Protein chains: 4
Amino acid sequence: MPTALQVQNPQLGGRERILVAATELFAQSGYHATSIRDIARAVGVTVGAIYAHFASKSEILLTAYAQGVERVIKAVDDATATADEPWERLEAACRAHLDLLLYAGGLAQVVVRVQPDDVPDAAADLVALRDRYEKRFRAIVSELDLAPHIDRRLFRLTLMGALNWSKTWYRPGGTDTATIARQIVETLRHGATTPQAAP
Amino acid sequence: MPTALQVQNPQLGGRERILVAATELFAQSGYHATSIRDIARAVGVTVGAIYAHFASKSEILLTAYAQGVERVIKAVDDATATADEPWERLEAACRAHLDLLLYAGGLAQVVVRVQPDDVPDAAADLVALRDRYEKRFRAIVSELDLAPHIDRRLFRLTLMGALNWSKTWYRPGGTDTATIARQIVETLRHGATTPQAAP
Amino acid sequence: MPTALQVQNPQLGGRERILVAATELFAQSGYHATSIRDIARAVGVTVGAIYAHFASKSEILLTAYAQGVERVIKAVDDATATADEPWERLEAACRAHLDLLLYAGGLAQVVVRVQPDDVPDAAADLVALRDRYEKRFRAIVSELDLAPHIDRRLFRLTLMGALNWSKTWYRPGGTDTATIARQIVETLRHGATTPQAAP
Amino acid sequence: MPTALQVQNPQLGGRERILVAATELFAQSGYHATSIRDIARAVGVTVGAIYAHFASKSEILLTAYAQGVERVIKAVDDATATADEPWERLEAACRAHLDLLLYAGGLAQVVVRVQPDDVPDAAADLVALRDRYEKRFRAIVSELDLAPHIDRRLFRLTLMGALNWSKTWYRPGGTDTATIARQIVETLRHGATTPQAAP
DNA sequence: GATGAATGAGACTTCATTCAT
DNA sequence: TATGAATGAAGTCTCATTCAT
């Protein structure tokens with residue numbers, strides 16, 4: 001008696017199906033508001049079945065989080081692989097970041113929505129994962145030709161904030177991610193008062 | 001046997017004391033991770049006593065949230081009252097925003113930490129409150145002399161994201177809020193590649 | 001809507017009633033085989049109500065255990081207060097020990113039935129309590145005129161074992177506790193091969 | 001990937017290995033505190049594998065218990081086979097009993113640690129097994145030249161209690177089992193006030 | 001024989017909330 | 001206003017057991 005979800009993803013193993021559902025729920029509602037029951041219901045199994053695959057709720061979160069980070073890293077790496085010019089690389093990275101953050105069923109939203117403090121058990125690991133990802137952006141930012149008075153760290157954090165905050169206001173059907181990424185980078189590069197540069 | 005908090009704020013009524021404690025806890029741990037018991041313990045009263053002042057947990061949150069919004073609005077209004085030049089007004093507003101967000105015991109952090117979806121009962125009200133505050137920034141931004149190709153809404157959201165994200169990385173003792181505000185606004189105005197303008 | 005138990009002990013507070021029921025259940029079935037539900041059902045309240053009085057299952061056990069030890073100590077103290085002759089004092093102590101162990105609704109049975117290892121949380125405290133009681137017997141035994149080749153510690157442990165084992169085989173209506181105590185002490189004093197001493 | 005235990009007992013079949021592990025765990029932690037998972041983990045197999053050999057948890061316990069009883073009976077029979085004098089036979093039996101109870105990895109401890117009531121399914125069988133063993137001691141005691149006023153049943157139960165209680169206080173490295181057995185029997189025979197008899 | 005996934009019941013505990021006092 | 005006891009639902013997790021492979 002396969003459930004809807006099983007039919008939907010017939011090829012996925014039990015562990016994967018749990019992870020998919022959990023990732024989405026954690027991204028939508030946060031860690032505390034998502035119960036193991038919720039996850040079990042979404043997958044179509046008993047609560048006990050969850051524990052055949054994961055030792056604890058925090059382990060599920062950690063696994064989902066790690067997977068999310070890994071995929072964003074890969075997406076950013078892929079996106080930047082084809083560009084040479086530093087600002088182009090940055091824009092490509094932002095576009096990839098937004099795509100995963102806003103579209104793909106919570107894949108990366110977990111990373112933004114769940115705060116390490118929410119999961120004491122896994123806090124240290126979560127921070128480490130988050131750092132791994134930030135290193136990517138640190139590298140990209142380090143190649144930019146910023147004016148000397150600009151604090152590169154603060155520049156990067158400003159960018160990350162601008163990007164991640166989009167989860168708060170973005171609605172499908174509105175401005176697309178490519179456009180969002182372009183304007184954010186464009187503004188941070190030349191400022192909002194400078195007339196548009198020739199393409 | 002008055003608790004530390006009671007001694008600290010001897011002039012505050014029961015309702016106020018609950019609100020102070022709740023604000024801080026909600027800001028630190030979020031809505032779901034904060035229990036009525038936590039609040040009662042922090043205030044030094046019984047759980048039942050809380051219900052003499054508030055009808056429900058969501059009402060406490062809503063009240064704290066509203067208070068937070070009110071204070072940020074007032075802080076921003078005060079800060080912008082003394083400046084005429086639009087970009088100066090913006091920077092003053094950002095400084096005030098950061099001050100409340102980062103320093104003052106969670107006064108404004110609730111607004112950033114708690115998402116309307118966390119509290120179905122009060123979601124609509126929370127959104128309305130958030131909007132009230134955003135209107136302030138919308139007004140300030142509308143006075144800016146932005147280049148015509150800049151989407152003012154996206155500009156504002158970029159700024160808000162940059163500011164609010166600071167809660168994630170800010171540590172007391174590091175760069176002060178005035179400096180943070182100045183660089184963020186500077187960057188958004190002239191871009192990070194433009195040599196510094198004369199003060 | 002008072003339950004049978006409430007009617008039975010109308011004067012007891014909630015905490016006391018829980019303790020009475022828990023003591024009996026722990027004594028009968030042991031720590032692990034007794035669930036909070038069992039206790040709640042015996043008292044006639046909800047499971048949650050238990051937690052208004054005790055922080056955890058182990059705290060209930062610890063409290064019951066402590067109460068049991070306290071009462072046995074008091075019983076032994078009372079029983080030995082009226083006797084001067086060391087062997088009479090010992091016999092009186094044994095009689096008191098057996099009375100509480102075998103008759104009074106588990107009051108002291110907890111101490112014998114539950115092993116410290118069963119309750120990791122409280123193991124240290126349980127051992128300390130058990131020691132407090134054993135000190136009583138150590139004192140009484142130290143006054144006896146034992147032959148020099150007798151190890152007093154082993155003598156005491158032999159006695160305690162003989163007494164406590166009675167919980168295993170004792171059935172109401174059989175030999176009464178006074179007789180049991182007399183013969184055990186008699187045998188340990190003069191041996192089972194010596195013809196009975198004149199009373 | 002054989003586990004330590006498998007290497008340790010390479011000749012044992014699956015059933016035997018389960019029994020060895022279960023015996024030790026039941027003896028150490030009791031019936032309720034030992035889970036099938038614990039046993040499986042100790043043996044190094046899956047939970048399901050246990051059910052290829054035993055129909056239920058209580059069946060494992062019953063088998064382990066029966067094995068324990070059988071071995072103690074055999075040990076006592078062997079020990080008493082070489083002695084003729086009744087008190088010597090008793091002392092030899094006690095020594096054998098203590099050896100199995102205190103040393104050999106729980107072989108006989110199960111019998112003392114697990115109470116029939118703990119396992120409703122097997123309670124009757126457990127009592128029957130316990131009785132089989134007690135018959136041995138009943139026989140040995142019946143040969144003793146006790147004074148007429150001594151209740152032989154109570155004498156035997158006193159002895160069993162003294163012996164079994166040792167599990168509570170015995171620590172390896174302290175008094176050895178032979179000495180313990182000698183003093184207990186000596187005390188029960190001649191009393192603790194009688195100067196030592198010539199060997 | 002053995003595995004791994006699953007079940008359904010039940011474990012302890014915490015939650016928001018109510019209410020008589 | 002405030003307390004303390006109680007409720008009922010829900011939380012995470014473990015249990016003995018089953019069964020297709």
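Just so we're on the same page: letters track the sequence lines, and every chain starts at 1. Every value quoted in this text rests on a predicted model; they were computed, and no experiment measured them. Atoms considered below: every heavy atom in the structure, side chains included; atoms not considered: hydrogens, waters and symmetry mates.
Nucleotides of DNA chain E nearest to B:Ser56 and C:Ser56 differ in position, and the one nearer the 5' end is that of C:Ser56. Comparing C:Arg15 and D:Ala33 against DNA chain F, the residue whose closest nucleotide sits nearer the 5' end is C:Arg15. Nearest-nucleotide assignment on DNA chain E puts the 5′-proximal partner with A:Ile18, out of B:Arg37 and A:Ile18.
Taking side-chain N and O atoms only, C:Ser35 has a distance below 4.0 Å to OP1 or OP2 of E:dA11.
Side-chain contact between D:Arg15 and D:Thr63 is present, with at least one heavy-atom pair separated by less than 4.5 Å. Side-chain contact between B:Arg41 and B:Asp38 is present, with at least one heavy-atom pair separated by less than 4.5 Å. Annotation: side chain of B:His53 is not in contact with side chain of B:Arg17 (no heavy-atom distance under 4.5 Å).
Looking at the side chain of C:Ala49, the nearest of the listed nucleotides E:dT7, E:dA16, F:dA6 is F:dA6. In this structure, the nucleotide among F:dG4, F:dA6, E:dA2 sitting nearest to the side chain of D:Ala52 is E:dA2. For B:Tyr51, taking side-chain heavy atoms from C-beta onward, the closest of the listed nucleotides E:dT13, E:dT18, E:dT3 is E:dT18. Each of F:dT14, E:dG1, E:dA6 was ranked by its minimum atom distance to the side chain of D:His53; first place goes to E:dG1. Side chain of B:Ile36, nearest nucleotide from E:dT17, F:dA6, E:dA2: E:dT17.
Rounded to whole Å, the separation between the P atoms of F:dT21 and E:dG1 comes to 22 Å.
For the pair A:Arg41 CZ and F:dT12 P, the interatomic distance rounds to 11 Å; values are reported in whole Å. D:His32 places its NE2 atom 19 Å from the P atom of F:dT14, with the value rounded to the nearest Å. Atoms CG (B:Leu61) and P (E:dT17) sit 12 Å apart, rounded to a whole Å. The nearest whole Å value for the distance from the NZ atom in A:Lys57 to the P atom in F:dA10 is 15 Å. Rounded to an integer number of Å, the gap from CZ of C:Phe54 to C1' of E:dT14 is 18 Å. One atom, CD1 of A:Ile60, and another, C1' of F:dC13, lie 11 Å apart when rounded to the nearest Å. Distance, B:Ile39 CD1 to E:dC15 P: 11 Å, rounded to whole Å. Atom P of nucleotide E:dT18 and atom CD1 of B:Ile50 are separated by 14 Å, given to the nearest angstrom.
When heavy atoms are screened at a 4.0 angstrom cut-off, B:Thr34 is found touching the sugar-phosphate backbone but no base atom. Note on B:Gly48: a base of the nucleic acid sits closer than 4.0 angstrom, heavy atoms only.
Across every strand in view, F:dT12 sits in a pair with E:dA11 that passes the Watson-Crick or G-U test at under 3.5 angstrom. Under the Watson-Crick and G-U wobble criteria, each requiring two contacts below 3.5 Å, nucleotide F:dA20 is paired to E:dT3.
For the pair A:Asp118 and B:Arg113, the salt-bridge criterion is met [side-chain N within less than 4.0 Å of a carboxylate O].
The ring-ring contact (aromatic ring centres under 6.0 Å, His included) test applied to B:Tyr65 returns no partner, not counting sequence neighbours.
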Test log, rule side-chain contact (heavy atoms from CB on, under 4.5 Å), inputs C:Ile39 and C:Val47: CA-CA 8 Å; C:Ile39 299 173; C:Val47 170; over 6 Å; no
